[in-house]
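Each remark here refers to the structure printed beneath this line.
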2 protein chains.
Amino acid sequence: MRIGELARRTGCDVETVRYYEKEGLLTIPQRDGSGYRLYAGQQLEELQFIRHCRSLGMPLAEIRALLRFRYHPHWDCSGVNAILDTQIVRVQEQMQALQTLLEQLYLLRTECAQRQQAGECGIMKNLNQAAKGEPCLCHPLPSSFA
Amino acid sequence: MRIGELARRTGCDVETVRYYEKEGLLTIPQRDGSGYRLYAGQQLEELQFIRHCRSLGMPLAEIRALLRFRYHPHWDCSGVNAILDTQIVRVQEQMQALQTLLEQLYLLRTECAQRQQAGECGIMKNLNQAAKGEPCLCHPLPSSFA
DNA sequence: CTTGACCCTGTAGCAACTACAGGGTTTGTA
DNA sequence: TACAAACCCTGTAGTTGCTACAGGGTCAAG
């Protein structure tokens with residue numbers, strides 16, 4: 001099959017397929033007389049493997065590592081577990097950061113209840129206060145929020 | 001003060017300050033005889049305003065909009081509220097996505113309990129199954145996970 | 001024989017920085 | 001006064017995971 005069909009069957013953009021090839025994730029396909037890429041079932045599976053891992057939020061570098069385990073089924077799988085664990089920690093950390101953010105945003109949002117001039121708006125007042133290094137709703141400690 | 005001191009006092013990288021200037025977020029500073037940027041308290045506050053908004057996860061485009069409200073305190077503040085609401089929704093959506101991801105990762109992680117060959121590893125088996133379009137732990141429905 | 005759909009390579013863009021390269025200036029110290 | 005370290009300048013390229021062209025070639029249907 002040509003690249004268009006491969007893309008259609010995986011729900012992936014044609015450009016993305018070429019990108020994965022350039023990044024060394026997909027095995028190099030054969031070419032027909034006109035230079036068109038020709039794919040077989042192997043690459044269809046590879047691509048679906050990649051898309052699946054992406055849907056789990058994994059970066060391409062780790063997918064590349066997982067693909068190596070796929071090609072070497074006799075390898076010790078502890079590296080696979082390590083990749084999963086890394087990914088879990090990464091997602092947990094991101095969620096924690098977002099949770100904090102969300103609480104700060106909620107607090108800030110309550111500061112303005114009605115239409116008024118920006119200079120009187122509780123949100124803007126809070127932001128301007130923070131800009132002066134004074135404590136604000138989201139960062140009650142003096143200055144140096146990191 | 002020069003750019004280094006400004007950066008130090010805001011916990012911001014010097015390159016980032018120049019970047020914000022290029023992006024039109026910071027007002028253009030004066031220059032001394034050697035072409036060095038000279039900042040006053042105004043820009044210190046601007047930069048702290050920007051860093052604060054960034055710490056709330058806001059994209060630069062929305063910070064630019066908020067800065068305009070800062071310069072025009074007589075404007076109606078409903079745009080400020082709208083920006084906050086947009087940001088809250090964005091963060092909520094991101095958290096929801098991460099939550100789903102995390103559950104899938106947890107499920108997948110339980111599939112491999114001990115060291116073994118990658119070919120026998122429950123995680124790899126699941127990923128390979130998904131690559132064939134068969135149902136897997138994270139995407140129990142047949143194929144077409146988006 | 002022409003139109004449209006498909007394919008190719010290569011480059012530039014997105015967001016928000018970060019990291020140089022290759023230069024000039026200032027400041028402190030010997 | 002000489003010199004080195006620390007600072008500043010501009011401009012460009014890299015990061016991640018794509019996406020979107022530009023400018024061409026190929027192929028099948030009508």
Side-chain angles (χ1 to χ4, degrees), chain A residues 1-26 28-39 43 46-47 49-67 86-87 90-91 94 97-98 101 146, chain B residues 1-26 28-39 43 46-47 49-67 83 86-87 90-91 93-94 97-98 101 146:
Chain A
M1 91 196 84
R2 293 194 304 211
I3 199 169
E5 191 185 339
L6 182 71
R8 230 174 294 115
R9 284 169 67 171
T10 53
C12 185
D13 201 292
V14 166
E15 318 267 14
T16 306
V17 177
R18 285 197 280 250
Y19 174 71
Y20 288 156
E21 178 183 329
K22 188 158 62 80
E23 290 299 304
L25 292 169
L26 278 174
I28 308 286
Q30 290 198 288
R31 300 281 182 141
D32 72 7
S34 315
Y36 290 8
R37 290 171 178 79
L38 288 181
Y39 295 98
Q43 282 112 335
E46 277 176 13
L47 184 50
F49 186 99
I50 296 168
R51 295 309 288 171
H52 188 176
C53 292
R54 286 294 296 134
S55 84
L56 292 171
M58 295 187 199
L60 297 187
E62 295 185 1
I63 298 176
R64 220 185 320 261
L66 287 178
L67 281 166
T86 300
Q87 179 63 10
R90 179 164 37 222
V91 173
Q94 284 176 12
L98 288 182
L101 237 60
Chain B
M1 93 196 82
R2 293 195 303 213
I3 198 167
E5 191 185 341
L6 181 71
R8 229 174 295 113
R9 285 169 66 172
T10 54
C12 186
D13 201 293
V14 165
E15 319 266 14
T16 305
V17 177
R18 286 197 280 250
Y19 174 70
Y20 289 155
E21 178 183 328
K22 189 157 63 79
E23 291 299 303
L25 291 168
L26 279 174
I28 309 287
Q30 292 198 286
R31 301 281 183 142
D32 72 7
S34 314
Y36 289 10
R37 291 170 178 81
L38 288 182
Y39 296 97
Q43 283 113 332
E46 277 176 12
L47 184 50
F49 186 99
I50 295 168
R51 294 309 289 171
H52 187 175
C53 291
R54 287 293 298 135
S55 84
L56 292 171
M58 294 188 201
L60 297 189
E62 296 186 2
I63 298 175
R64 221 185 319 261
L66 286 177
L67 282 166
I83 288 174
T86 300
Q87 179 63 11
R90 179 164 38 223
V91 173
E93 283 171 356
Q94 285 176 11
L98 288 183
L101 237 59

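Below, each value reflects all heavy atoms present in this structure, side chains not excepted, and no hydrogens, waters or symmetry copies.
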Could you give the [atom1]-to-[atom2] distance, from [X] to [N], as a whole number of Å?
{"X": "Leu6(B)", "N": "dC7(D)", "atom1": "CG", "atom2": "P", "value": "15 Å"}
{"X": "Ile3(B)", "N": "dA6(D)", "atom1": "CD1", "atom2": "C1'", "value": "15 Å"}
{"X": "Gln30(A)", "N": "dC7(C)", "atom1": "CD", "atom2": "P", "value": "17 Å"}
{"X": "Glu21(B)", "N": "dG11(D)", "atom1": "CD", "atom2": "P", "value": "12 Å"}
{"X": "Leu26(B)", "N": "dA16(C)", "atom1": "CG", "atom2": "C1'", "value": "14 Å"}
{"X": "Glu23(B)", "N": "dC17(C)", "atom1": "CD", "atom2": "P", "value": "10 Å"}
{"X": "Glu5(B)", "N": "dT26(C)", "atom1": "CD", "atom2": "P", "value": "17 Å"}
{"X": "Met1(B)", "N": "dT26(C)", "atom1": "CE", "atom2": "C1'", "value": "18 Å"}

For nucleotides 16-30 of chain D, 5' to 3', base contacts (B), sugar-phosphate-only contacts (S) and non-contacts (-) with protein non-hydrogen atoms under 4.0 Å give -BBBBB---BBS---

Among Glu46(B), Arg51(B), Gln43(B), which residue meets the side chain to side chain donor-acceptor pair (under 3.5 Å) test with Tyr20(B)?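 Single side chain to side chain donor-acceptor pair (under 3.5 Å) partner of Tyr20(B) among Glu46(B), Arg51(B), Gln43(B): Arg51(B).
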
* Decide yes or no for Tyr19(A) and Asp13(A): does some side-chain heavy atom of the first lie under 4.5 Å from some side-chain heavy atom of the second? =>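 Tyr19(A) does not reach Asp13(A) side chain to side chain.
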
*Min side-chain heavy-atom separation Pro59(A)-Gln87(A) under 4.5 Å*: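 Counting from C-beta outward, Pro59(A) and Gln87(A) do come under 4.5 Å.
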
| message | Is Arg64(B) close enough to dA15(C) that one of its side-chain N or O atoms is under 4.0 Å from OP1 or OP2 there? | response |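 So the side chain of Arg64(B) is outside the cut-off, no N or O lying under 4.0 Å from OP1 or OP2 of dA15(C).
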
Would you say a side-chain N or O of Arg31(B) is under 4.0 Å from OP1 or OP2 of dT25(C)?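 For dT25(C), OP1/OP2 do not have a side-chain N/O of Arg31(B) under 4.0 Å.
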
| query | Who are the salt bridge (Lys or Arg N to Asp or Glu O under 4.0 Å) partners of Glu5(B), not counting sequence neighbours? | reply |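 Per chain and number, Glu5(B) pairs via salt bridge (Lys or Arg N to Asp or Glu O under 4.0 Å) with Arg9(B).
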
Set of side-chain contact (heavy atoms from CB on, under 4.5 Å) partners for Arg18(B), sequence neighbours left out:
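side-chain contact (heavy atoms from CB on, under 4.5 Å) list for Arg18(B), sorted by chain: Ile3(B), Val14(B), Glu15(B), Arg37(B).
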
What do the steps show when you test Ile50(B) against Thr10(B) for side chain to side chain contact (heavy atoms under 4.5 Å, CB included), and what is the final call? CA-CA 10 Å; Ile50(B) 295 168; Thr10(B) 54; over 6 Å; no

